[in-house]
Each structure stands twice: as C-alpha cells, then as structure tokens.
Amino acid sequence: ATEESLSQNLKDEDKAVRFWAAANDKATPKNLFQALKDRSSWVRLEAVSNPNATKEHIDLALKDKDSSVREAAAANPSITQEQLSRAIKDKSDSVVIKAAQNPNLSKEQISEMLDSPSWSVKATALDHKNVTPEHSTKALKDDSGVVRAHALRNKSATLERIKQALMIG
C-alpha cells in the first residue's frame, strides 16, 4: 500500500474499505488526517488507534464529537501528559476511564481523578500501576464501597495504611 492508494481507499463509499485503509500500518500522517475527517466514527477511531498516529492526530481526535473516538485517543500509548490531562477532564466518563487505563498516567493525574464524583472513574484509577499509598489511603475513606474495594486490592494498600484509614487501633 502506498500513500496514494490509501488516500484513494479513504474516499471509497464503503466504510469497511475506509476503515481498513485507516488501520493500515503503512498509513502516513496525511492518510490519518484524511481518515480523522471521515463521516464514520468507526474510521476516525481506527485512525487515532493506528500506531503511526502522532500527537497532532491525538489532538484532533480528543476534540471529536463522538466519545468512542475520544476514548481511542485517550488509550493511545503515544498520548502526551498534556493530552492525558485534557482527557481526564472529558465530559464523558468512558473517555476518562480510558485515560485512567493509559500506562502513561501520572501520580498527579491519579490524584485528580480521585476527586471525581464518579465512582467508576475513581475505581479505575485505583487499578493503575502508579497508585501510591497516599492514593489508597484517601480512597479507603471514600463513600463508595466499590472505590474502597479497589483501594484495598491495590498493592500500595498496606495493612498499616488500611488500619490508619479505618481508624482501627
């Protein structure tokens, strides 16, 4: 596949053809920008999921009207810290949850997520490898039993911290 042949495929009436063009590992930045303007969210999602997607592609996808495209952008391993910070402020919990699952999530971003009103956002953030004992201690005091359970199952929740959070002597 060449840039030109993929460009032609991205103009095809059949969205499956456009999808596979966006998914192609030979897709160039120009092809991916073309795919990110597609009328089908399926094609746009595949474009931002492509391993060749750049910071600029992720930026564009984070502004997409369709939350599934923004989810794919938040899950992209090439996402920057600044972009992750925007993703964790998304209006859709599903996008925020995808950001919480991104391996590049920082400890500061986890702290911010633990202030979310959504128990599902907090619970997902607590499953991250970068959770600290301070995160677990804070989460053990949460109103949601699901959040407290996720804090308990995190490796950073030591017996001492659990006792401290529960105020058990």
Side-chain angles (χ1 to χ4, degrees), residues 19 22-23 25 32 35-169:
F19 171 89
D25 63 356
L32 295 176
L36 283 166
K37 294 175 186 165
D38 197 275
R39 65 186 174 275
S40 168
S41 61
W42 195 45
V43 175
R44 297 191 311 273
L45 182 154
E46 197 57 35
V48 76
S49 300
N50 188 301
N52 299 327
T54 65
K55 175 185 183 289
E56 291 76 19
H57 297 117
I58 295 167
D59 266 339
L60 188 58
L62 283 171
K63 297 173 188 165
D64 199 279
K65 65 183 180 225
D66 190 290
S67 63
S68 67
V69 177
R70 297 192 314 274
E71 287 172 28
N76 189 305
S78 298
I79 196 168
T80 67
Q81 286 299 308
E82 185 273 326
Q83 290 169 324
L84 261 175
S85 289
R86 278 192 282 138
I88 66 173
K89 293 175 180 74
D90 195 276
K91 63 186 174 198
S92 169
D93 276 0
S94 64
V95 175
V96 179
I97 286 168
K98 283 293 182 186
Q101 295 168 335
N102 192 297
N104 300 323
L105 195 68
S106 73
K107 292 173 182 162
E108 294 76 22
Q109 290 163 332
I110 293 168
S111 293
E112 190 174 337
M113 295 176 99
L114 291 179
D115 290 330
S116 170
S118 167
W119 65 264
S120 57
V121 166
K122 291 186 269 193
T124 306
L126 287 164
D127 291 339
H128 200 275
K129 65 179 173 140
N130 290 336
V131 168
T132 66
E134 291 74 26
H135 292 135
S136 294
T137 299
K138 177 179 180 171
L140 285 167
K141 298 174 185 173
D142 197 90
D143 291 338
S144 166
V146 174
V147 173
R148 292 192 308 274
H150 278 259
L152 286 169
R153 74 180 207 176
N154 188 286
K155 67 182 185 313
S156 71
T158 63
L159 183 58
E160 182 183 324
R161 294 264 183 185
I162 294 168
K163 285 180 180 178
Q164 189 179 39
L166 298 175
M167 294 185 234
I168 296 172

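All residue numbers refer to positions in the sequence shown, counting from 1.
- Scored by the salt bridge (Lys or Arg N to Asp or Glu O under 4.0 Å) test, K122 finds D142 as partners (sequence neighbours excluded).
- A search for salt bridge (Lys or Arg N to Asp or Glu O under 4.0 Å) contacts involving K107 returns nothing, not counting sequence neighbours.
- Judged as a salt bridge (Lys or Arg N to Asp or Glu O under 4.0 Å), and not counting sequence neighbours, D66 has no contacts.
- Atom NE2 of H150 sits about 9.5 Å away from atom OG of S120, to the nearest 0.5 Å.
- Residue pairs satisfying the ring pair (Phe, Tyr, Trp, His ring centres under 6.0 Å) criterion with at least one member in residues 53-103, sequence neighbours excluded, are listed as follows: F33-H57.
- With sequence neighbours excluded, the residues satisfying ring-ring contact (aromatic ring centres under 6.0 Å, His included) with W42 are F19.
- For residues 81-113, the set of pairs meeting the ring pair (Phe, Tyr, Trp, His ring centres under 6.0 Å) definition, not counting sequence neighbours, is empty.
- Contact detail for L62 and A87: the closest heavy-atom pair is CD2-CB, 4.1 Å.
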Query raised in the report: Going through the distances and angles, do E71 and I97 end up as a side-chain contact (heavy atoms from CB on, under 4.5 Å)?
Result: CA-CA 8 Å; E71 287 172 28; I97 286 168; over 6 Å; no
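- Annotation: ring pair (Phe, Tyr, Trp, His ring centres under 6.0 Å) contacts involving residues 88-120, sequence neighbours excluded, are absent.
- With sequence neighbours excluded, the residues that form a salt bridge (Lys or Arg N to Asp or Glu O under 4.0 Å) with E112 are K89.
- Surrounding CG of D143 are at most 12 heavy atoms belonging to other residues, nucleotides or ligands under 6.0 Å away.
- Note: L84 CG to L105 CG = 6.0 Å, rounded to the nearest 0.5 Å.
- Side chain to side chain, S85 and Q109 meet the donor-acceptor criterion of an N or O pair below 3.5 Å.
- Among residues two or more places apart in sequence or in another chain, the side-chain contact (heavy atoms from CB on, under 4.5 Å) test is passed with A61 by L36, V48, V69, A73.
- Side-chain N or O atoms of Q81 include one that pairs as donor or acceptor with a backbone N or O of N104 at under 3.5 Å.
- To the nearest 0.5 angstrom, S67 atom OG is 9.0 Å from K91 atom NZ.
- Once rounded to the nearest 0.5 Å, the distance linking CG of D115 with CE of M113 reads 11.0 Å.
- Side-chain contact between N76 and S49 is absent, with no heavy-atom pair separated by less than 4.5 Å.
- K138 approaches S111 most closely through the heavy-atom pair NZ-O, 4.4 Å.
- With sequence neighbours left out, T80 forms a side-chain contact (heavy atoms from CB on, under 4.5 Å) with K55, E82, Q83.
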Query raised in the report: Should K98 and D93 be marked as a salt bridge (charged side-chain N to carboxylate O under 4.0 Å, His left out) after you check the CA-CA gap, both sets of side-chain angles, and the distance that decides it?
Result: CA-CA 9 Å; K98 283 293 182 186; D93 276 0; over 6 Å; no
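- Partners of D38 by side-chain contact (heavy atoms from CB on, under 4.5 Å), not counting sequence neighbours, listed by chain and number: R18, S40, V43, R44.
- L45 contributes atom CG, which lies 9.0 Å from atom CG of D64 (distance to the nearest 0.5 angstrom).
- Once rounded to the nearest 0.5 Å, the distance linking CG of L126 with OG of S136 reads 6.5 Å.
- Using a 4.5 Å heavy-atom cutoff, the side chains of V147 and L140 are not in contact.
- Taking the side chain as every heavy atom from C-beta outward, S106 and N130 never approach each other to under 4.5 Å.
- Taking the side-chain contact (heavy atoms from CB on, under 4.5 Å) definition, one finds that D90 meets it with R70, S92, V95, V96, sequence neighbours left out.
- Between A53 and A47, the shortest heavy-atom contact is CB-O, 3.8 Å.
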